[in-house]
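Notes follow the structure.
Proteins get letters first, then strands, A, B, ... in listed order; numbering begins at 1 in each. Below, each value reflects all heavy atoms present in this structure, side chains not excepted, and no hydrogens, waters or symmetry copies.
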Protein chains: 2
Amino acid sequence: MQDPETTLRQHDLPVTAQRLAVLRAVAHHPHATADDLAEQVRQKIGAISRQSVYNVLNVLTDKGIIRRIQPAHSPARYEDRVGDNHHHLVCRSCGLTEDVCCAVGAAPCLTAHAHHGFKIDEAEVIYWGTCPSCQKKPR
Amino acid sequence: MQDPETTLRQHDLPVTAQRLAVLRAVAHHPHATADDLAEQVRQKIGAISRQSVYNVLNVLTDKGIIRRIQPAHSPARYEDRVGDNHHHLVCRSCGLTEDVCCAVGAAPCLTAHAHHGFKIDEAEVIYWGTCPSCQKKPR
DNA sequence: TCATTAATTTTGACAAAGTCTAAATCTATA
DNA sequence: TATAGATTTAGACTTTGTCAAAATTAATGA
C-alpha cells in the first residue's frame with residue numbers, strides 16, 4: 001500500500017495522527033483486532049482513545065481503504081488487502097488467521113445466482129480448522 | 001425432524017419442558033436468534049429464563065441436534081437442519097436468512113487443501129446481499 | 001409410589017465488543 | 001492567523017453472552 005497520508009488525502013479525509021497511526025498499524029499487522037491495533041498505536045504515538053480507534057477503523061472501512069472481517073467467536077479483524085477476492089482460514093483454537101486465494105478463480109458454486117430473489121453482492125468464505133502450532137499442543 | 005422428546009432421549013438428555021419448547025421453537029423458526037426463540041417459548045410455556053435459553057441452545061448445539069450460525073453484525077442464529085452441507089444467504093439490510101444448497105455439490109475451491117499447514121474441517125460460505133423486500137424499500 | 005441423586009433451571013452479577021453523546025481539540029482553508 | 005467544520009476524547013450505555021450459587025426438577029431404584 002502507498003503512503004498513508006496520500007491515501008487519506010485521496011479519499012478526502014483530513015489527515016490526523018490517529019488515522020495515520022491506525023492505518024500503519026493495520027498495514028503492519030494484518031488480521032489484528034481493534035484492541036491489538038490500539039495497543040500498536042499506543043506504542044507509536046503514545047495514546048489514543050478506544051473510541052478513536054473505532055472511529056478511524058469505521059471510516060477507513062466505509063471508504064474501502066481497509067476491510068473488516070468478522071469470524072464467529074472473534075472480535076472484528078482488519079486488513080489493508082482490499083479489492084481482491086481472497087478468503088480466510090481461521091484457527092478454531094487460537095484465532096490465527098491466514099489469507100487464502102481461491103485456487104480455481106471463480107468457483108462455480110460462488111457465482112451469485114439469483115437465489116430467493118436476493119441481489120447477491122459478496123460470497124464470503126471462511127475455512128475453519130486448526131493451525132500447525134495448535135495441532136502440536138496437547139489436547 | 002422427529003419427535004423432540006425422542007430426540008432428547010436418544011442423546012441421553014433429560015427431558016424438560018424448557019428443552020422441548022426450545023427445540024420446537026427452533027424447528028418452527030429456522031434462523032431465529034436466542035431472543036426470538038425465548039419469545040416463542042414464552043408464548044408456549046409461559047416463562048423461561050434467558051440463561052436457560054442459552055443453556056439449552058448450547059447443549060443442543062454441542063450434541064449436534066441443532067446448528068449455530070453467526071453472520072457478522074448479527075447475534076447467533078439456530079436451525080435444526082443439520083448434517084448436510086448447505087450454506088446461507090443473508091440480507092445486509094434486515095438480516096433475513098435463507099438456506100442455499102451448493103449448486104454443484106463439492107465445489108473445487110471448497111476442497112480442504114492443506115493450506116498453510118492448517119487441518120481444515122469446514123468451509124463456511126455466507127452469501128451477502130439484499131432481500132427482495134429490502135430491495136423495494138427506499139434506500 | 002417415594003426417596004435419592006444428579007442434572008437442570010433460575011437469579012443476578014459480570015464481561016467483551018461496540019455505539020452514542022457532548023465537550024474539547026485539531027485540521028484545512030481563506 | 002482566525003475560523004468553520006471535522007475529529008478526538010471521556011464516560012455512560014447497549015447488546016450478546018457467560019459464570020456461579022441456590023433452588024428446583026427429572027430419572028432411577030427400592
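- If you find the closest nucleotide of DNA chain C to A/Gln51 and to A/Asp35, the one lying nearer the 5' end belongs to A/Asp35.
- Of the candidate nucleotides D/dT7, D/dT16, D/dA26, D/dT16 has the atom lying nearest to any side-chain atom of B/Pro75.
- In this structure, CG of A/Leu8 is placed 15 Å from C1' of C/dC26, rounded to the nearest angstrom.
- Within the 4.0 angstrom heavy-atom criterion, no nucleotide atom of any strand lies near A/Ala17.
- B/Glu79 and B/His86 share a donor-acceptor pair across their side chains, judged by distance under 3.5 Å alone.
- Looking only at atom types and distance, the side chain of B/Asn58 has no donor-acceptor partner in the side chain of B/Thr61 under 3.5 Å away.
- Between A/Leu20 atom CG and C/dT27 atom P the separation is 10 Å, expressed in whole Å.
- If you measure from atom CG of A/Asp36 to atom C1' of C/dA17, you get 13 Å, rounded to the nearest angstrom.
- Straight-line distance from the CZ atom of B/Arg68 to the P atom of D/dT16: 15 Å, rounded to whole Å.
- Taking only side-chain atoms of A/Asn55, from C-beta outward, the nucleotide of D/dT8, D/dG17, C/dA28 with the closest atom is D/dT8.
- The nearest whole Å value for the distance from the CD atom in B/Gln70 to the C1' atom in D/dT18 is 14 Å.
- To the nearest angstrom, P of C/dT27 lies 11 Å from CZ of A/Arg9.
- At the heavy-atom level, B/Arg19 lies under 4.0 Å from the strands shown only through sugar-phosphate atoms.
- When all heavy atoms of B/Val100 and B/Tyr127 are compared, the closest pair comes out as CG1-CE1, 4.0 Å.
- When the C1' atom of D/dT16 is taken as reference, atom CG of B/Asn58 falls 12 Å away, rounded to whole Å.
- Partner of B/Asp99 under the salt bridge (Lys or Arg N to Asp or Glu O under 4.0 Å) criterion, out of B/Arg81, B/Arg77, B/Arg67: B/Arg81 alone.
- Residue A/Ser52 places its side chain closer to D/dT8 than to any other of D/dA12, C/dT9, D/dT8.
- The side chain of A/Ile48 approaches D/dT9 more closely than any other nucleotide in the set D/dG17, D/dA26, D/dT9.
- Protein atom CD of A/Gln18 is 9 Å distant from nucleotide atom P of C/dC26, rounded to whole Å.
- Residue B/Arg50 has its side chain nearest to C/dA13 when only C/dA13, C/dA28, C/dT9 are considered.
- With distances taken from any side-chain atom of B/Val15 to the nucleotides C/dT10, C/dT8, D/dA27, the minimum falls on D/dA27.
- Between C/dT9 and B/Thr16, a contact under 4.0 Å exists linking OP1 or OP2 to a side-chain N or O.
- When distances are taken from the side chain of A/Ser49 to each of D/dA10, C/dA17, C/dT8, the shortest belongs to D/dA10.
- Counting only heavy atoms from C-beta outward, the side chains of B/Arg92 and A/Asp121 approach each other to under 4.5 Å.
- The side chain of B/Tyr54 lies closest to D/dG17 when the candidates are D/dT8, C/dA7, D/dG17.
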